[in-house]
Amino acid sequence: MSHFKHHHHLGGHCGAKECPPMVAPTQYDPGMTDPAQNSVQTTIFPHVVNHVHPTHTTHVNKHVYTHKHYFPHTDSVVNECYENHVFCGAPVNPCCPPHHRPRPFGF
């Protein structure tokens with residue numbers, strides 16, 4: 001740190017006077033950003049596949065008549081969706097660092 005000194009002569013007495021330091025305007029350097037923290041979120045989609053194996057029996061009598069019996073079957077599918085909300089942390093307020101208590105402006 002350098003000090004500015006002013007030399008003056010008064011009545012034959014020579015002394016040095018130290019001036020108060022000057023304060024330059026605040027300089028702002030470019031901000032720094034850490035690399036992104038990568039994470040992997042795996043989503044599992046359970047699926048059920050129905051396999052329908054219909055059967056049919058044809059009965060043949062020893063008489064002149066043949067009787068065929070059919071048992072039609074129908075299937076229906078209902079799609080249901082469920083949601084789970086998992087909060088993996090809290091939103092960050094850019095005006096308030098997460099590890100410091102906020103201080104009043106100007107302090």
Side-chain angles (χ1 to χ4, degrees):
M1 172 188 274
S2 66
H3 298 282
F4 297 93
K5 296 189 182 216
H6 179 70
H7 298 280
H8 59 91
H9 299 279
L10 293 175
H13 178 70
C14 183
K17 182 175 180 182
E18 187 172 327
C19 296
M22 294 187 296
V23 178
T26 302
Q27 298 179 21
Y28 293 92
D29 292 335
M32 295 174 56
T33 302
D34 290 337
Q37 296 293 318
N38 292 319
S39 60
V40 174
Q41 173 65 55
T42 300
T43 303
I44 297 173
F45 294 93
H47 292 269
V48 175
V49 178
N50 293 324
H51 294 266
V52 180
H53 303 279
T55 59
H56 171 79
T57 303
T58 301
H59 299 276
V60 178
N61 294 319
K62 297 283 182 173
H63 301 282
V64 178
Y65 303 101
T66 301
H67 298 272
K68 294 184 180 182
H69 299 269
Y70 296 94
F71 300 93
H73 176 78
T74 60
D75 250 354
S76 63
V77 176
V78 175
N79 291 316
E80 296 181 351
C81 294
Y82 299 92
E83 295 182 9
N84 290 318
H85 294 267
V86 178
F87 293 91
C88 301
V92 174
N93 181 347
C95 298
C96 180
H99 297 292
H100 302 286
R101 289 189 5 210
R103 295 182 181 255
F105 181 73
F107 285 61

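Excluded from the calculations below are hydrogen atoms, water molecules and symmetry mates; all remaining heavy atoms, backbone and side chain alike, are included. The residues of the chain are indexed from 1 along the displayed sequence.
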Residue set satisfying ring-ring contact (aromatic ring centres under 6.0 Å, His included) with His56, at least two apart, ordered chain then number -> Tyr70

Could you tell me whether the side chain of Asp75 reaches within less than 4.5 Å of the side chain of Val77, counting heavy atoms only? no

Could you tell me the separation between the CZ atom of Phe71 and the OG1 atom of Thr55, rounded to the nearest 0.5 Å? 8.0 Å

In terms of the angle between their ring planes, are His51 and His53 parallel, tilted or perpendicular, with boundaries placed at 30° and 60°? parallel

